[in-house]
Structure formats: structure tokens, C-alpha cells
Visitor: 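Structure in C-alpha cells, see below.
Remember, it's 1-based here, ligands and their atoms both numbered in the order they're listed.
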Amino acid sequence: MNNSKKIYLDYAASTPVGEEVFKVMKPYFSEEFGNPGSLHKFGQEAMKVLDESREKASGLLGLDFENIIFTGSATEANNLVLRGIAKKINNNPEINFENPKIIVSEIEHECVLETAHDLESDGFDVAEIDVNPDGRVKLNQLEKELTEDTVIISIMYANNEIGTIQPISKISEIVQEFKKEKTNTQYPLIHSDAVQAFQFLECQPKELGLDLMTLSAHKIYGPKGVGLLANITEESLSPIITGGGQEFGLRSGTENVPLIKGLSKALEIAKEKRAEERKRMKKLSRELISGLKQIKSDIKLNGVSSQERFSSDKLKTIPNICNFYFPNNSAEELLMQLDLEGVAVSTGSACSARSAEASHVLEGLGHNPQRVNSSLRLSLGKYTTQQEIKKTISVFEKIME
Ligand code: PLP
């Protein structure tokens with residue numbers, strides 16, 4: 001099938017590289033290919049591009065040049081946060097925690113959840129905070145779980161399966177207050193995975209009260225295989241990849257100059273187009289939701305309800321992600337039928353290597369296995385048109401007859 005005729009509604013899994021992004025990256029693959037660590041002119045040129053990219057990315061996040069660590073993915077950045085903090089604590093005799101504890105939400109991306117639980121074998125306790133039926137974390141439970149042994153709290157800004165936005169500023173406030181009263185040290189640190197949020201929400205870590213924040217390029221029309229960690233608090237991490245000491249000693253390995261250049265351009269464009277895209281996505285998702293509900297009135301949204309979603313200008317969910325429950329339908333069968341009709345959607349999160357496991361996010365909302373297995377995520381993006389939404393609704397109409 002011709003790809004241009006297909007309808008891609010899986011932008012939360014990955015986005016195509018934008019034209020402008022591709023253009024700025026291209027020369028650094030084969031023409032200006034130097035290693036930023038080399039002393040000759042080729043190396044100096046590469047270092048200049050790397051510095052400019054870092055300057056741009058840090059500026060867009062309201063940070064200083066040295067607050068950005070480029071990584072090979074958001075997965076790696078999230079691993080660096082949790083494992084880097086754990087390593088720092090375990091290797092430093094001056095830092096003493098009896099039962100060091102990591103707090104996460106139960107609907108984090110697998111790269112946070114799996115990593116946190118993996119650290120249990122290194123002596124870390126893990127507390128998972130529950131979410132309400134709309135996907136927002138239970139703040140009273142967070143308050144209860146905060147102890148003087150807590151070393152890091154990692155709560156994502158917007159969820160990749162249901163789109164729910166977490167009250168990050170409020171969470172930081174709770175943590176900062178606790179810190180002031182109880183620990184008077186840099187711990188607990190606070191981190192947020194803002195991979196899905198950046199396109200639609202202002203992501204200035206200092207304004208949000210974060211110590212650490214993760215981003216990924218391929219969710220914002222940049223290339224796959226590059227991410228960044230905004231690291232604001234000095235001396236909070238130990239490297240988990242050691243070698244030549246690149247990235248301020250925190251992530252060794254020759255920097256991928258073209259991808260980093262692409263990431264910084266993608267960040268710039270996403271920020272520039274944020275307000276416009278937010279509005280456009282809101283309109284298109286409203287059409288999609290009402291169109292599908294007209295096919296069968298028992299089709300429901302998972303996470304934030306449609307009334308709440310559109311009741312005020314304040315976003316409760318990022319506007320491109322719609323996760324639907326189709327009663328009496330198997331999500332997998334629907335997905336296959338849609339694919340045959342040229343519409344690409346996903347069940348749960350596609351980021352976890354084709355896992356057939358039930359979505360931990362939908363389970364976290366309290367849904368039974370039958371609802372979890374009858375739910376699909378449709379995520380819209382920059383190239384989604386009104387025409388495509390109409391076509392998608394009519395395809396659903398056809399296959400659900
Ligand atoms: N965090 C969230 C919220 C995501 O949606 C994804 C997507 O896969 C990731 C982390 C992982 O990103 P990456 O593919 O850059 O490792």
C-alpha cells in the first residue's frame with residue numbers, strides 16, 4: 001500500500017523527522033563528520049555545532065549551557081536519573097540512608113518502572129503512587145510515602161497512553177516543602193519525564209520546581225536515538241556509562257552531532273508552534289471523539305472524560321492523545337482491521353518492544369481486563385488533517401458494523 005494514502009494515528013509512538021530538522025542534520029552525517037573530541041579543524045567544527053546545539057536546547061528550557069546532558073534516548077536519560085542517583089548514594093560513604101527509597105507513579109513509562117524495580121536488588125525500596133480514574137496521581141498518598149529516606153521522586157508530566165497531565169508544580173511544591181522541613185539536603189530530588197508533554201506544555205524545569213527532566217527527539221519530529229536530561233542540581237548523579245568523559249563526565253561516548261543538532265532544532269520548532277498545535281489538536285481530537293461516540297454511544301474515553309477534557313482552556317490532558325474503550329470489541333482485532341484499511345493506531349504503548357502484555361496504565365486507572373483489552377490509543381500529530389479524521393471515523397463505522 002502507498003504510505004501516503006495511509007492514515008498514521010500513532011504520533012505518540014513516534015513522529016516523522018520534520019523537513020527543516022532533516023535539513024539541518026544532513027551535512028553532519030558525511031560532509032562535516034568530525035569527532036567533537038578531536039583537536040584538528042574537523043573536530044573543532046563538530047565541537048562548535050555541539051556547543052551551539054547545547055546553547056540552543058538549554059536556552060529553550062531556561063537553563064544554563066552546562067545543565068544539559070545529551071543521551072541516546074529518553075530511556076537512557078531516565079536510566080541515568082535513577083541508576084545515577086543510586087550509584088552516587090551507594091558509592092559515597094558521606095551519604096547515609098537506612099532504606100533509600102524511590103517514589104514513582106504506577107503509570108510511568110516502563111523505562112522508569114522497570115529501572116526503579118531493578119534497583120531493589122541494590123537495596124532501594126520502591127513506592128508506586130496510585131492514580132485516580134482520570135490518571136492523576138493521588139497527592140495524599142504521595143505525601144504519606146515521602147520519608148526522610150526518599151532519594152528521588154519520578155513522576156511524568158504527561159502520560160504516553162492516556163495523555164493525562166500531572167500537576168507537576170503542585171508535586172514539586174509538596175516535595176520542596178517536605179525537604180525544607182525534614183531533610184535540609186538536596187534529597188529527595190525530583191524528576192519528570194516530559195517526553196510527551198514538550199509539544200504542548202511549557203517545560204521549564206526551574207519554573208516547574210524540578211531537579212531533573214527528560215526529553216526525547218523522536219516524539220517532537222526529531223530523529224530517533226537521541227534524548228536529553230536537564231540536570232540542574234550539581235553533584236546529584238554518578239555516570240552509568242563511563243569512558244572518555246563526554247557530557248561533563250556524565251555520559252561517555254562520542255556525541256552524535258547530527259542527531260543532537262536535529263534534537264535542538266526540533267525543540268525550537270516545537271516550542272514555536274506549541275500554541276498553534278495545541279489549538280489545532282484540540283479541535284481535531286474533539287471531532288474524532290464526537291465522531292466515534294456517534295457510531296456507538298457506549299464508546300468511552302479512558303483517562304480524563306470528554307466533558308472534562310473540553311470544559312476549560314486549562315489542559316487536563318495533552319490534546320493529541322485519545323484512548324478509547326470499545327465495549328464488546330477486541331482491541332487487537334480492531335487494530336488489525338484498521339491497519340488493513342490503512343489506519344495505524346496502537347494498543348497501549350508501542351514503546352515497549354511489541355509487548356502483548358496488558359497496559360499497566362489502564363490497569364492503574366482501575367479498569368478490568370475486559371476493558372483493558374478493548375481499548376485503543378489514537379494519537380494525532382502535525383500532519384493529521386480533518387479529512388483524515390473524517391476518513392478514520394468512517395472506517396470505524398465500517399468495521400464496527
Ligand atoms: N517516556 C515516555 C513518556 C515515552 O512516551 C517514551 C516513548 O517511547 C519514552 C519515555 C522512551 O523514549 P525513547 O524512545 O527516546 O527511549
Side-chain angles (χ1 to χ4, degrees), residues 8-17 21 57 68-83 104-118 128 131 135-137 154-166 168 191-201 203 205 208 210 212-230 240-241 251 253 256 259-260 262-264 266-267 270 303 317-323 344-355 357 359-362 364 377-381:
Y8 182 75
L9 292 180
D10 202 13
Y11 286 86
S14 197
T15 60
V17 174
V21 173
I68 299 284
I69 302 161
F70 291 114
T71 62
S73 61
T75 297
E76 188 197 314
N78 288 343
N79 267 264
L80 175 56
V81 170
L82 297 176
R83 295 185 194 280
V104 295
S105 84
E106 63 174 338
I107 61 165
E108 290 306 303
H109 189 271
E110 288 82 351
C111 63
V112 168
L113 283 175
E114 291 294 316
T115 308
H117 287 294
D118 196 39
E128 286 187 22
V131 296
R136 280 159 68 102
V137 291
S154 180
I155 294 185
M156 70 203 323
Y157 201 177
N159 183 268
N160 48 305
E161 291 189 41
I162 51 173
T164 302
I165 296 167
Q166 300 297 344
I168 291 296
H191 165 249
S192 187
D193 173 342
V195 162
Q196 298 285 348
F198 188 83
Q199 265 206 85
F200 302 105
L201 303 173
C203 288
L208 290 167
L210 297 170
L212 300 137
M213 189 183 81
T214 296
L215 295 174
S216 177
H218 75 106
K219 310 288 178 171
I220 57 168
Y221 308 92
K224 293 171 186 58
V226 62
L228 73 74
L229 179 64
I240 57 170
I241 300 178
R251 198 272 186 182
N256 196 328
L259 269 61
I260 289 171
L263 166 60
S264 71
L267 289 169
T317 159
I318 46 170
N320 65 326
I321 295 184
C322 308
N323 194 309
V345 304
S346 82
T347 52
S349 147
C351 333
S352 46
R354 295 182 169 267
S355 154
E357 264 178 43
S359 154
H360 68 283
V361 175
L362 299 184
R377 176 185 72 183
L378 277 64
S379 50
L380 326 185

Visitor: I'd like to know whether ligand 1 has E108 as a neighbour, heavy-atom separation below 4.0 Å.
Guide: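 In this structure, E108 fails to qualify as a contact of ligand 1 - no heavy atom is under 4.0 Å.
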Visitor: Is V195 close to T214 at the side-chain level, that is, under 4.5 Å between some pair of heavy atoms?
Guide: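 Counting from C-beta outward, T214 and V195 do come under 4.5 Å.
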Visitor: Do the non-hydrogen side-chain atoms of Q199 and Y221 ever get within less than 4.5 Å of each other?
Guide: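 They are in side-chain contact.
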Visitor: Answer whether the closest heavy-atom distance between the side chains of S154 and D193 falls below 4.5 Å.
Guide: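 A side-chain contact is absent here, since even the closest heavy-atom pair is not under 4.5 Å.
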Visitor: Pick, from H109, K219, H218, E161, the option with the minimum heavy-atom distance to atom 14 (O) of ligand 1.
Guide: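 Among H109, K219, H218, E161, the closest heavy atom to atom 14 (O) of ligand 1 comes from H218.
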Visitor: If you define the side chain from C-beta out and look only at heavy atoms, does anything of I240 sit under 4.5 Å from N79?
Guide: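 Touching, per the 4.5 Å side-chain cut-off.
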Visitor: Near M156, which atoms of ligand 1 are under 4.0 Å from a heavy atom of that residue?
Guide: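 Numbered from 1, ligand 1 contributes 3 (C).
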Visitor: For S105 and Q166, test the side chains for any donor-to-acceptor distance below 3.5 angstrom and give the result as yes or no.
Guide: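 No pair is found: no donor N or O on one side chain lies under 3.5 Å from an acceptor on the other.
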Visitor: Pick one of side chain, backbone, both or neither for how S216 approaches ligand 1, counting any non-hydrogen atom pair under 4.0 Å.
Guide: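 The side chain, only.
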Visitor: Looking only at heavy atoms, is any part of D193 under 4.0 Å from ligand 1, and if so is it the side chain, the backbone, or both, or is it neither?
Guide: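 Near ligand 1, D193 shows its side chain, while the N, CA, C and O stay back.
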Visitor: Of the backbone atoms (N, CA, C, O) and the side-chain heavy atoms from C-beta on, which set of E76 has a member under 4.0 Å from an atom of ligand 1: side chain, backbone, both, or neither?
Guide: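 Within the 4.0 Å criterion, E76 makes no contact with ligand 1.
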